[in-house]
**Q** 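Provided herewith is a single structure, encoded as structure tokens, for subsequent inquiry.
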Amino acid sequence: MGETQDSITARPKASEEDAGSNGTAPKPTDFIRAIINEHNRTGRFGGRVHTRFPPEPNGYLHIGHAKSVCLNFKIAADYKGLCNLRMDDTNPVKEDLEYIESIIRDVRWLGFDWDDRLYYASDYYEKLYCFAVELIRRGKAYVCDQSPEEMRQFRGTLTEPGRESPYRNRSIEENVTLFELMRAGEFKEGEKTLRAKIDMASPNLNMRDPVTYRILHTTHHRTGDKWHIYPMYDFAHCFSDSIEGITHSICTLEFEDHRPLYDWYLDVLEAYHPQQIEFARLNLTYTVMSKRKLLQLVQQKYVNGWDDPRMPTISGMRRRGYTPEAIRNFCERIGVAKNDSMVDVELLEFCVREDLNLKSPRRMAVLKPLKVVIENYPEGRTEEFEIPNHPDVPAMGSRKVPFSKVVYIERDDFMEDPSPKFFRLGPGKEVRLRGAYFVTCTGVKKDTATGGITELTCTYDPATRGGDAPDGRKVKGTLHWVSAEHSIEASINLYDRLFRVPNPEGGEEGTDFLSYLNPGSLSVLTGCRLESSLADADPEITYQFERQGYFCADPGSAPKGGLVFNRTVTLRDTWAKIEKGKPSSEPPKKAAKEQKARPVSQPEKASADTISIDEFGRIDLRVGLIREVSLVEGSSKLLKLMVDVGEERLRQIFAGIRPAYPDPDDLLGKKVAVVANLKERQMKFGLSQGMILAGGEGERMGIVTLNGDPKPGDKIS
RNA sequence: UGGGGGAUCGUUCAACGGUAGGACAGCGGACUCUGACUCCGUCGAUCAAGGUUCAAAUCCUUGUCCCCCAGCCA
């Protein structure tokens with residue numbers, strides 16, 4: 001893996017002594033390693049560290065799993081221990097061979113190795129069965145005839161104890177016999193279970209005689225029809241860990257109150273006893289992480305399979321062009337703790353860019369072509385420019401890029417009436433075509449019907465061959481380009497976040513996460529023009545299309561449909577930020593950013609279950625002019641606004657935006673978006689007659705303000 | 001109202017009784033044949049109230065808020 005990250009974040013030497021007598025602990029910081037260090041100090045596991053990554057093969061691995069994979073494998077590596085890969089396959093109803101294969105592929109792709117230690121809980125079924133029998137013999141388990149319904153009723157509630165099952169006191173012999181019959185398939189599903197005999201009054205619901213084995217007449221993907229009973233997670237997991245000699249059984253927080261059960265099973269049978277440690281699972285903004293929801297997205301076709309590049313799955317990210325190094329690095333940076341956390345997806349994107357910037361060969365590709373004819377360039381002439389594959393890594397070599405009289409540039413790189421800050425092409429302006437010549441725009445051709453720009457004419461300066469002017473004159477802008485005649489056509493998938501909101505799982509009660517799907521998460525660009533060297537692009541390689549972002553050939557759609565590229569991630573785009581912030585909205589910050597619909601135009605394949613225009617139309621959005629602003633006494637958050645929405649009277653609106661406006665007078669005269677048909681609301685401070693649109697929280701809040709010269713009361717469409 | 005966890009810059013991780021630090025994001029600037037990269041600067045936090053102490057994010061008390069648990073899922 002060759003990460004140097006560790007040494008960067010590690011504390012200096014002094015802490016190394018945490019490692020204790022065996023001195024193998026290089027990473028002092030996180031709480032898990034602190035526990036391990038303590039174990040090593042006291043000799044609990046004789047200095048041994050053996051972890052495992054135990055996925056259930058009921059779905060594809062996602063970035064949240066990657067966190068766990070990295071944690072387990074890295075801890076093992078750091079302590080010179082081992083990490084097993086174990087399929088936790090105890091529920092044949094949900095599991096599948098396809099998932100097993102994908103998991104193996106993904107963990108390997110992430111860069112981890114388990115030698116020959118690929119295990120399956122199903123390998124232990126026979127042993128587990130014997131453990132269960134022993135449990136019965138020790139009077140610690142019984143066969144129960146209660147139906148699921150009855151069992152639920154007897155379990156009690158969070159605040160009331162449960163009641164004991166009438167079958168709780170069967171004789172050991174009867175239990176053994178019944179359990180054998182369960183195994184033999186003599187009973188119907190749900191007819192009987194094996195239950196641990198613990199304590200129906202325990203405040204921990206997991207200890208109220210939990211089911212240990214249930215009857216399932218389902219063919220198992222590995223053991224076929226051999227078994228009619230399957231162990232439950234708590235039982236199978238602790239003994240699987242125990243059998244494998246795991247020292248540290250690392251899992252997520254929700255298993256914290258399963259730990260007493262984990263410990264109970266092992267203690268009752270006096271088995272080797274690993275230490276379970278729980279950490280907070282990863283949440284990422286603008287996505288969902290639950291396997292159930294991801295499955296739903298796949299099954300209901302909101303995305304095109306588990307490896308859809310918009311999915312947070314490992315296979316989706318691979319297809320999108322993410323690298324294992326970037327993902328591992330991300331997992332390193334987010335750290336590990338017990339706080340519930342929501343990591344900003346921008347950090348992931350940063351890690352991807354960071355890695356890709358170093359190793360992506362540069363190419364030129366025009367996504368939205370605009371034809372440029374260079375008037376003074378000889379007809380029929382072609383020359384080739386030698387352009388480096390990487391500006392900072394000469395070792396990556398160079399390639400020849402053909403140039404001719406007609407080239408394409410990016411439509412966004414031309415403005416007919418540019419602002420002074422726009423240092424790309426405009427009428428009369430001179431720019432550099434990267435690695436080729438300086439050109440000056442001499443003319444603009446338009447479609448007479450639509451007025452849309454169809455073509456540009458330019459002149460070039462032959463003296464600037466290669467991209468430098470001998471007279472030392474500078475140009476502000478450098479554009480990417482392709483020769484019309486030599487370029488190849490491709491379509492490009494632009495991906496944006498799958499959800500419109502940072503936390504699609506945390507919506508108002510009763511709101512389905514699907515309603516937050518981003519209808520613009522995929523936009524397909526056709527007729528893009530690429531430099532010809534991209535014709536046989538290797539899907540394994542992610543290229544940087546200069547000034548655009550990182551892209552890789554889509555392995556899924558290569559064969560017949562022509563060349564298809566996936567956008568991995570955009571380049572940072574400060575210009576877009578300037579542009580966006582330019583017109584009005586004072587503190588656009590996050591508020592504006594979160595609305596960001598990056599794929600600007602283009603046909604969109606709307607794939608989401610969203611509200612319709614009609615529904616949205618029920619909201620009466622009006623232009624409002626802020627006429628008065630005053631502080632609200634007794635509230636640190638509210639401002640009282642008097643807003644002109646084109647009616648005789650001003651509307652009184654209380655807005656919780658004060659933290660963002662230390663000087664509320666800044667708001668005077670601003671044109672804002674007002675929800676005009678909101679039911680009036682009586683607040684402590686007065687009647688609020690509408691709502692203005694804002695985004696963000698606290699100081700990073702911004703209100704939606706309007707450009708141009710709309711009149712108060714104008715409808716916002 | 002039971003049990004188990006958790007609260008530190010916008011986000012995330014650290015600080016383990018002794019200067020609240022890093023990363024991402026933001027903002028400003030330098031550089032630039034990618035408005036990229038890089039570099040520099042800057043903004044910015046200890047849930048609250050008490051207490052112990054020369055000294056508290058850290059220890060104690062009380063409170064507040066958030067997450068998880070009533071599958072024959074994992």
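The model shown is predicted, which means the values in this text are computed figures rather than measured ones. A, B, ... follow the sequence lines: proteins, then strands. Residue 1 opens every chain.
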**Q** Does OP1 or OP2 of B:A7 have a side-chain N or O of A:Asn339 closer than 4.0 Å?
**A** yes
**Q** Can you check the A:Asn357 CG to B:U32 P distance for me, whole Å?
**A** 18 Å
**Q** So, does A:Arg152 get its side chain near the phosphate of B:G71, meaning an N or O under 4.0 Å from OP1 or OP2?
**A** yes
**Q** According to a strict under-4.0 Å criterion, is A:Arg33 in side-chain N/O contact with OP1 or OP2 of B:A14?
**A** no
**Q** Grab the two heavy atoms, one from A:His217 and one from A:Glu189, that are nearest each other, plus how far apart they are.
**A** N-OE2, 2.6 Å
**Q** Return the value, rounded to whole Å, for the distance between atom CD of A:Glu278 and atom P of B:C69.
**A** 14 Å
**Q** Answer with base, sugar-phosphate or nothing: what part of the nucleic acid does A:Arg362 contact at a heavy-atom distance below 4.0 Å?
**A** base
**Q** Is there a Watson-Crick or G-U wobble partner for B:U61 with both distances under 3.5 Å, and if so, which one is it?
**A** B:A49
**Q** Are A:Asp355 and A:Thr323 linked by a side-chain donor-acceptor pair shorter than 3.5 Å?
**A** yes
**Q** Check every atom of B:U12, B:G26, B:G35 against the side chain of A:Ile578 and return the nucleotide holding the closest atom.
**A** B:G35
**Q** For the pair made of CG in A:Leu348 and C1' in B:C24, what is the distance, rounded to whole Å?
**A** 12 Å
**Q** Considering only the P atoms, how many Å lie between B:U58 and B:U52, rounded to the nearest integer?
**A** 15 Å
**Q** How close or far is atom P of B:A74 from atom OH of A:Tyr262, stated in whole angstroms?
**A** 16 Å
**Q** Mind checking the C1' distance from B:C9 to B:G26? Whole angstroms is fine.
**A** 12 Å
**Q** Using OP1 and OP2 only, check whether a side-chain N or O of A:Thr90 sits under 4.0 Å from B:A74.
**A** yes
**Q** B:C47 and B:U38: how far apart are their P atoms, nearest whole angstrom?
**A** 33 Å
**Q** Given B:C24, B:G3, B:G4, which nucleotide is nearest the side-chain atoms of A:Glu256?
**A** B:G4
**Q** Tell me if the side-chain of A:Arg424 makes a donor-acceptor pair with the base of B:G35, cut-off 3.5 Å, by modelled atom types.
**A** yes
**Q** Counting only side-chain heavy atoms from C-beta out, which of B:C13, B:U12, B:C24 sits nearest to A:Ala337?
**A** B:C13
**Q** What's the closest nucleotide to the side chain of A:Leu205 if the choices are B:U8, B:A70, B:C68?
**A** B:A70
**Q** Nearest whole Å is fine: how far is B:C69 P from A:Leu261 CG?
**A** 16 Å
**Q** Tell me whether the OP1 or OP2 atom of B:A74 has a side-chain N or O from A:Arg292 closer than 4.0 Å.
**A** no
**Q** So which nucleotide from B:G35, B:A25, B:A74 ends up closest to the side chain of A:Trp575?
**A** B:G35
**Q** State, to 0.1 Å, how close A:His237 and A:Asp88 come at their nearest heavy-atom pair, and which atoms those are.
**A** ND1-OD2, 2.9 Å
**Q** What's the gap between B:G21 and B:U61 when it is taken at their C1' atoms, as a whole Å value?
**A** 30 Å
**Q** What nucleotide, of B:C68, B:U1, B:C73, holds the atom closest to the side chain of A:Glu254?
**A** B:C68
**Q** As a test of reading the structure: which of B:A74, B:C69, B:C72 is closest to the side chain of A:Arg155, going by heavy atoms?
**A** B:C72
**Q** I'd like to know if A:Asp209 pairs up with A:Lys197 as an ion pair, taking the criterion as any Lys NZ or Arg NE/NH1/NH2 lying under 4.0 Å from an Asp or Glu carboxylate oxygen.
**A** no
**Q** Out of A:Tyr213, A:Trp227, A:Tyr120, which one pairs with A:Tyr125 under the ring pair (Phe, Tyr, Trp, His ring centres under 6.0 Å) rule?
**A** A:Trp227
**Q** From the list B:A36, B:G26, B:G3, which nucleotide is the closest neighbour of the side chain of A:Lys577?
**A** B:G26
**Q** Stepwise, does the salt bridge (Lys or Arg N to Asp or Glu O under 4.0 Å) test hold for A:Arg473 with A:Asp461?
**A** CA-CA 12 Å; A:Arg473 80 179 186 277; A:Asp461 177 358; 2.9 Å; yes
**Q** Roughly how far apart, to the nearest Å, are B:A15 and B:U8 at atom P?
**A** 14 Å
**Q** Considering Watson-Crick and G-U wobble pairs with both distances under 3.5 Å, what does B:C31 pair with?
**A** none
**Q** Do the side chain of A:Arg333 and the base of B:U12 come within less than 3.5 angstrom through a donor-acceptor pair of N or O atoms?
**A** no
**Q** To the nearest Å, how far apart are A:Arg195 CZ and B:C72 P?
**A** 8 Å
**Q** Partner lookup for B:G18, please. Criteria are Watson-Crick or G-U wobble with both distances under 3.5 angstrom; report none if nothing qualifies.
**A** B:C54
**Q** Would you kindly give the OH-to-C1' distance between A:Tyr233 and B:A74, to the nearest whole Å?
**A** 7 Å
**Q** Provide the distance between the two C1' atoms, one in B:A56 and one in B:A49, to the nearest whole Å.
**A** 15 Å
**Q** Which nucleotide in the set B:U12, B:C72, B:G26 lies at the smallest distance from any side-chain heavy atom of A:Met151?
**A** B:C72
**Q** Would you tell me if any nitrogen or oxygen in the side chain of A:Ser341 comes within less than 4.0 Å of OP1 or OP2 on B:U11?
**A** no
**Q** Between B:G4 and A:Arg259, is there an OP1 or OP2 to side-chain N/O distance shorter than 4.0 Å?
**A** no
**Q** Under 3.5 Å, is there an N or O donor on one side and an acceptor on the other linking the side chain of A:Glu346 and the base of B:U11?
**A** no
**Q** So, for A:Phe279 and A:Phe31, is the gap between ring centers shorter than 6.0 Å?
**A** no
**Q** Take A:Arg497 and A:Glu349 through the test salt bridge (Lys or Arg N to Asp or Glu O under 4.0 Å) and record every step on the way to the result.
**A** CA-CA 11 Å; A:Arg497 11 202 85 150; A:Glu349 293 175 350; 3.5 Å; yes
**Q** Going by purine N1 to pyrimidine N3 plus the second Watson-Crick contact, or the G-U wobble pair, all under 3.5 Å, which nucleotide sits opposite B:G2?
**A** B:C69
**Q** If we check salt bridge (Lys or Arg N to Asp or Glu O under 4.0 Å) with A:Asp413, which of these qualifies: A:Arg432, A:Lys368, A:Arg424?
**A** A:Arg424
**Q** What integer number of Å spans the C1' atoms of B:C68 and B:A74?
**A** 15 Å
**Q** With a 3.5 Å cut-off and heavy atoms only, can you find an N or O donor on one side and an acceptor on the other between the side chain of A:Asp257 and the base of B:G3?
**A** yes
**Q** For nucleotides B:A25 and B:U12, find the distance between their C1' atoms and express it as a whole number of Å.
**A** 11 Å
**Q** Tell me which nucleotide among B:A14, B:A25, B:U34 gets nearest to the side chain of A:Arg547.
**A** B:U34
**Q** Within this structure, what is the CD-to-P distance between A:Glu160 and B:G2, rounded to whole angstrom?
**A** 12 Å
